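Please read these numbers as outputs of a predicted model, since none were measured by experiment.
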Amino acid sequence: MAAKKTKTHFGIDPHTRHIVVGAFRMKLPESRWLRTTIGVLLVCGGLLGFLPVLGFWMVPLGLLVLSHDSHFVRRQRRRLAVWWASRKARRNTR
């Protein structure tokens with residue numbers, strides 16, 4: 001039997017509307033207002049990452065949630081993804 005190679009993803013799956021980080025999946029709420037509130041709270045909590053319980057990991061997760069509704073954040077996330085992919089491709093060609 002051939003083993004199926006799974007590709008790791010990062011972002012929002014447009015078909016299922018889940019946040020995907022590797023093998024972790026979480027469904028986003030249907031309400032735009034609720035998604036925006038969750039995203040802003042995650043970013044604000046991440047800025048207080050030096051406190052116990054909160055962490056700096058909350059900032060990218062909050063920006064990922066916000067990128068679902070905000071054109072500006074989505075554009076910046078895509079720019080970062082393209083930069084990261086080209087950087088990774090340059091390192092692999094060396």
Side-chain angles (χ1 to χ4, degrees):
M1 292 175 82
K4 194 179 228 184
K5 186 176 180 182
T6 59
K7 197 175 187 183
T8 56
H9 296 281
F10 177 79
I12 297 175
D13 186 2
H15 303 293
T16 61
R17 297 181 67 178
H18 283 90
I19 293 178
V20 180
V21 179
F24 177 76
R25 298 177 83 73
M26 185 178 86
K27 185 165 174 39
L28 284 174
E30 294 291 325
S31 168
R32 180 180 183 180
W33 178 83
L34 189 57
R35 284 191 307 265
T36 304
T37 303
I38 289 171
V40 168
L41 288 175
L42 282 168
V43 170
C44 291
L47 294 176
L48 300 173
F50 58 89
L51 297 172
V53 179
L54 303 176
F56 294 111
W57 59 269
M58 295 169 76
V59 174
L61 185 61
L63 291 174
L64 183 63
V65 172
L66 285 174
S67 73
H68 186 69
D69 294 314
S70 170
H71 298 290
F72 177 74
V73 178
R74 185 178 318 123
R75 192 174 311 119
Q76 298 305 319
R77 181 180 54 85
R78 286 182 183 163
R79 232 182 241 172
L80 178 67
V82 168
W83 173 80
W84 187 263
S86 66
R87 180 176 178 254
K88 191 174 178 181
R90 277 187 307 223
R91 283 188 163 197
N92 289 338
T93 60
R94 289 183 188 176

Checklist entry - Roughly how far, to the nearest 0.5 Å, is CZ of F50 from CG of L47? => result 9.5 Å
Checklist entry - Do R25 and T16 have side-chain heavy atoms sitting under 4.5 Å apart? => result yes
Next on the checklist: A side-chain contact here means heavy atoms from C-beta on lying under 4.5 Å apart; do T36 and L66 qualify?
Outcome noted: yes
Do [X] and [Y] land in one hydrophobic cluster if side-chain heavy atoms of ILVMFWY residues count as linked below 4.5 Å?
X	Y	value
L51	V59	no
V43	L64	no
L42	L28	yes
L41	F56	no
I38	V73	no

Checklist entry - What are the two closest non-hydrogen atoms of H68 and R74, and how far apart are they? => result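 Heavy atoms of H68 and R74 come nearest at O-NH2, 3.0 Å.
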Checklist entry - If you draw a 6.0 Å radius around NZ in K27, do more than 12 non-hydrogen atoms from other residues or ligands fall strictly inside? => result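 Yes, NZ of K27 has more than 12 neighbouring heavy atoms, counting only those of other groups under 6.0 Å.
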Next on the checklist: Atom CZ of residue position R32 - does it have more than 12 heavy atoms of other residues, nucleotides or ligands inside 6.0 Å?
Outcome noted: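 Incorrect, the count does not exceed 12.
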Item to check | Exam field: side chain S70 to backbone S67, donor-acceptor pair closer than 3.5 Å | outcome: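 No: the side chain of S70 does not pair with the backbone of S67.
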